[in-house]
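Computed from heavy atoms alone, side chains included, the values below leave out hydrogens, waters and symmetry copies. Keep in mind that this is a model prediction, so the values were computed, not measured. Sequence lines set the chain letters: A, B, ... in the order given, protein chains first and strands last, and positions in each chain run from 1.
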Amino acid sequence: MTTSLHDTLSGARLALEPLEPGHVRVYSCGPTVYGPTHVGNFRSFLFADVLVRHLRHLGLRVTWVMNVTDVDDKIIRGANAEGVPIGELADRWLARFRLDAAALRMTEPDVLPRATDHIPQMVTLIERLLEGGHAYRTDDGSIFFRIASWPAYGRLAKLDPEQLRVGERVEADEYAKDDVRDFALWKAPKPGEPSWDTAIGSGRPGWHIECSAMSMRHLGESFDIHTGGVDLVFPHHEDEIAQSEAATGKPFVRTWLHCAHLRLDGAKMAKSSGNITRVVELLDGGVSPRALRLALISVHYRQGLDFSDASLDAARAAIDRLDAGLAALRAYREDRPDDPTVGTIVRATRERFDAALDDDLNVSAGLATVFDLVREANRRIADRSMSTDDAVALVALLRELDTVLAVLPEEAAALPDGASDLLAARDAARTARDWPESDRLRRALLDLGVAVEDTRDGQRWRLAEPVA
RNA sequence: GGCGACGUGGUGAAGUGGUUCAACACGGCGGUCUGCAAAACCGCUAUUCACCGGUUCGAAUCCGGUCGUCGCCUCCA
C-alpha cells in the first residue's frame, strides 16, 4: 500500500517517499491575518488537515508547519485605518483563526510560525540571493529577484516567462526594476509602514520570501509536501521555488499539492470579488461545525466545490445518519455468540478506507466505505445477529476511521443539566405505559438538545446538532 | 490573446478500458418494524455517463472535433 499524490509541478501522480523514511514534512500556506477567514480558505486548510491525519493514521510521523502571514499590504492598511500597530491587528485575527480552526477540528499544526518572527531568516536568504547574483538592489533600497537569472521560472505554473502579461498598475517605487516581471524580496521603507533595520538595509519583506524562510527554518532546505490553494500556484509558489532553489541549489519541495476553488454562485470565492462566506458568520448563525467540515472535505480536493445552503443541508443529513448509527451501536445489547463476519468487515473496511485515502486523498470513496459500514452495522442491529462485543468492535472502528475524517460527535459528550433526571423519569413513565407523560418528556428533552429514540433495548439518546 | 481543468441521475458526487461500470450521500415513492414519534432495514428512483465521429472484441473511461462551464496569466486558499 502506497500513498500517491498528484504533484502540480510534474503533473504526475507520485508515490510518497519521504526524504527521511517514516517521517513526512508538510508545509501549508496558512492565513493572512487581517480579517475573518472564509470557508474557501478553510477548504484549503482542511484538505491539508485530512492529509496529515491520514498519514498519521498510516503510522507515519508527520511534522506539519502552517505559516501565518502577519505583515503585508492589507494588514498595514487595516492597522493604519484603525490607528493600531500591525501586531495588534494580526493578534486579533490570528485568535479568531484559531477559534475557527478548532471549531472545524483542524489538527493543531506542529508549528504555526509568524512572518515577523522570521525576519533574520529572510534577511539571510536574501543575502545569499544577492551573493549569487539572483537578486539586485534598486536605488530606493528595495531588493528584487532577477527572474532572468532563473531559467526554470514558470515551470510550476506552466507559464512562459516571455508571455507573462504585465499588470497595468505598476507601483511608482517599482519602476526601477530591471524587468517588470521581477518580484520584490525586500521593500524599502515608506511612511506609514512598519520597517525593520537589518543587514540588507531598512524595510519590510516581500510576500513570497517568508514562506521560503519559514519552511527552511522548520523543515529544512528540502522537504516533502507543500500545500495551498490553486490561486497560489502563480505567482506565490512559483516565486518560492525560484528564490529557494536559487539560494540553496537544492530541490525545494518534492510534491506540490493544490486544492481547487470553492465556488459561490458559480464563481470563485475570493475576498477581492466580495462573494465570500466567513466561517465565523456560519458558526454564529448556528451552522453545525461538523456539517461544515464534512461539506468542505467530502469532495475531492482537486475538484471545484459549489458551496451552498443545499450542500450544508446534505452534509448535515449525512452527519445525522452517522450519529444515529453510532448511538444505535452504543445502545445495542445482545447476549449471544460473536458474529464471525464482523471481524472480516472490520478488516475489509479499514483496508478500503486507507486505500481510498492513499489514492490521492479520495475522501469521497473513503466516506463511502464508512457509510457502507454503518449500513452493515444497522442491519445486524435490526436482526440482532451480533453480540454486544461485536457492536463495541464496530464502534471502535468508526472511531478509528474518524481520526482521519473528524466528523463524529465528541466521545465524551455530556448530557445537559437535568437531562439525566428527565431520562430516568421517562423510563419510569414508559414502564408504566404512561404515553402522554413519555411524549411530554421526550419533547422536554429535545428542548434541551437531547434526541431520544425508543428501541427494544429501551430508550437511547444522542445530542442533537444545531440546525445547519 | 496564452495556458489549464472540467461537463456522470431530481441534487451533490465516486468511478478513468472488461469480473456489480454506474459507489456513497441527500431527496422522492412503496413496504416492514412501532403506543406515537424517531431511527433503522428492504424494494424502486441514470439500459446510461454534454454532443458528434474514431480506435478497440469491448469505452463513462483512450483519440479528434463541437458546444458549454470554470480557473490561472494581477492581490487572492
>> Does any part of the side chain of Ser215(A), heavy atoms only, come nearer than 4.5 Å to the side chain of Phe223(A), both counted from C-beta?
In response: yes
>> Taking the minimum atom-to-atom distance to the side chain of Leu262(A), which one of A77(B), A14(B), C42(B) wins?
In response: A77(B)
>> So if I take every side-chain heavy atom of Ala365(A) and compare against C73(B), A37(B), A14(B), which nucleotide ends up nearest?
In response: A14(B)
> How close or far is atom P of C75(B) from atom CD of Glu238(A), stated in whole angstroms?
Replying inline: 13 Å
> With a 4.0 Å cut-off on heavy atoms, is Ala260(A) in touch with a base, just the backbone sugar-phosphate, or nothing at all?
Replying inline: base
> Are Asp454(A) and Arg426(A) close enough for a salt bridge, meaning some N to O gap below 4.0 Å?
Replying inline: yes
> Taking the same atom, C1', in C26(B) and in A14(B), what whole-Å distance lies between them?
Replying inline: 15 Å
> Does the G35(B) base have a donor-acceptor partner in the side chain of Arg430(A) within less than 3.5 Å?
Replying inline: yes
>> Does C33(B) have its OP1 or OP2 closer than 4.0 Å to a side-chain nitrogen or oxygen of Arg456(A)?
In response: no
> At under 4.0 Å, does any side-chain N or O of Lys268(A) touch on OP1 or OP2 of C72(B)?
Replying inline: yes
> What distance, rounded to whole Å, do you find between the two C1' atoms, one in A23(B) and one in C49(B)?
Replying inline: 14 Å
> If you measure from the C1' atom in A46(B) to the same atom in C41(B), how many Å do you get, rounded?
Replying inline: 25 Å
> P atom, C51(B) versus C67(B): distance in rounded Å?
Replying inline: 16 Å
>> Using whole Å, what does the distance between atom P of nucleotide A38(B) and atom CD of Glu453(A) come to?
In response: 10 Å
> Ignoring hydrogens and angles, does a donor from either the side chain of Arg375(A) or the base of C41(B) sit under 3.5 Å from an acceptor on the other?
Replying inline: no
> Given atom NE2 of His258(A) and atom P of C70(B), what is their separation to the nearest angstrom?
Replying inline: 23 Å
>> Please evaluate residues Arg443(A) and Asp447(A) with respect to the criterion salt bridge (charged side-chain N to carboxylate O under 4.0 Å, His left out), reporting the C-alpha separation (whole Å), side-chain torsions for both, the decisive distance (0.1 Å), and the verdict.
In response: CA-CA 6 Å; Arg443(A) 282 191 299 274; Asp447(A) 287 342; over 6 Å; no
> Which of the following nucleotides, A40(B), C75(B), A77(B), is nearest to the side chain of Ala324(A)?
Replying inline: A40(B)
> Across the strands shown, which category fits Ala318(A) at heavy-atom distances under 4.0 angstrom: base, sugar-phosphate, nothing?
Replying inline: sugar-phosphate
> At what distance, to the nearest 0.5 angstrom, does CH2 of Trp150(A) lie from CD of Glu238(A)?
Replying inline: 11.0 Å
>> Taking 4.0 Å as the cut-off, does a side-chain nitrogen or oxygen of Arg321(A) come that near to OP1 or OP2 on G27(B)?
In response: no
> Which nucleotide in the set A13(B), A23(B), A40(B) lies at the smallest distance from any side-chain heavy atom of Val299(A)?
Replying inline: A13(B)
>> Does Arg43(A) contact A77(B) through a side-chain donor or acceptor facing the base, at a distance under 3.5 Å?
In response: no
> Phe371(A) side chain: which of C24(B), C41(B), C72(B) is closest?
Replying inline: C24(B)
> Which of these nucleotides, A25(B), A77(B), A14(B), is closest to any side-chain atom of Ser364(A)?
Replying inline: A14(B)
> G17(B) and G7(B): how far apart are their P atoms, nearest whole angstrom?
Replying inline: 15 Å
> What integer number of Å spans the C1' atoms of G54(B) and A59(B)?
Replying inline: 12 Å
> Given that Arg302(A) and Ala328(A) both sit by RNA chain B, which one's nearest nucleotide is further toward the 5' end?
Replying inline: Arg302(A)
> Taking only N and O in the side chain of Asn41(A), is any of them less than 4.0 Å away from OP1 or OP2 of A77(B)?
Replying inline: yes
>> Partner lookup for U66(B), please. Criteria are Watson-Crick or G-U wobble with both distances under 3.5 angstrom; report none if nothing qualifies.
In response: A50(B)
>> Under a 4.0 Å threshold between the charged nitrogen and the carboxylate oxygen, would Arg380(A) count as salt-bridged to Glu376(A)?
In response: yes
> Across all strands shown, which nucleotide pairs with G17(B) by Watson-Crick or G-U wobble geometry, both distances under 3.5 Å?
Replying inline: none
>> Using a heavy-atom cut-off of 4.0 Å across all strands, would you classify Gly40(A) as base, sugar-phosphate, or nothing?
In response: base
> Considering only A77(B), U74(B), G35(B), which nucleotide approaches the side chain of Ser438(A) most closely?
Replying inline: G35(B)
>> Is it the case that the base of G15(B) and the side chain of Asn362(A) share a donor-acceptor contact (distance under 3.5 Å, atom types as modelled)?
In response: no
>> I'd like to know if Asp454(A) reaches the base of C36(B) with its side chain, counting only an N/O donor and acceptor under 3.5 Å.
In response: yes
> Say you pick atom P in C52(B) and the same atom in U61(B); how far apart are they, in whole Å?
Replying inline: 12 Å
>> For Arg460(A), is the CZ atom crowded, meaning more than 12 foreign heavy atoms sit under 6.0 Å from it?
In response: yes
>> Side chains of Tyr332(A) and Asp390(A): any donor to acceptor distance under 3.5 Å?
In response: no
> Tell me: CG of Asp323(A) to C1' of A40(B), nearest whole Å?
Replying inline: 15 Å
> Taking CZ from Arg330(A) and C1' from A39(B), how many angstroms apart are they, rounded to a whole number?
Replying inline: 16 Å
> In the strands shown, is A59(B) matched to any nucleotide by a Watson-Crick or G-U wobble pair with both distances under 3.5 Å, and which?
Replying inline: none
> Between U32(B) and A38(B), how far is it from one C1' atom to the other, in whole Å?
Replying inline: 16 Å
>> Counting only side-chain heavy atoms from C-beta out, which of A77(B), C70(B), C36(B) sits nearest to Asp231(A)?
In response: A77(B)
> At under 4.0 Å between heavy atoms, what does Arg433(A) touch on the DNA or RNA strands: base, sugar-phosphate, or nothing?
Replying inline: nothing
> What integer distance in Å separates His236(A):NE2 from U74(B):P?
Replying inline: 16 Å
> Atom CG of Leu156(A) to atom C1' of G4(B): distance rounded to whole Å?
Replying inline: 13 Å
>> Let's see if you can work this out: which of C24(B), C41(B), A14(B) has an atom nearest to the side-chain heavy atoms of His300(A)?
In response: A14(B)
>> Below 30° counts as parallel, above 60° as perpendicular, anything between as tilted: where do the rings of Phe97(A) and Phe45(A) land?
In response: perpendicular
>> In whole Å, I'd like the distance from the CG atom of Leu294(A) to the P atom of A13(B).
In response: 13 Å
> Any idea which of C24(B), A77(B), U74(B) is nearest the Pro235(A) side chain?
Replying inline: U74(B)
>> Below the 4.0 Å mark, does A25(B) have OP1 or OP2 next to a side-chain nitrogen or oxygen of Arg316(A)?
In response: no
> Between Gly229(A) and Gly304(A), which is nearer to the 5' end of RNA chain B once each is assigned its nearest nucleotide?
Replying inline: Gly304(A)
> With a 4.0 Å cut-off, would you call Asp182(A) and Arg146(A) a salt bridge?
Replying inline: no
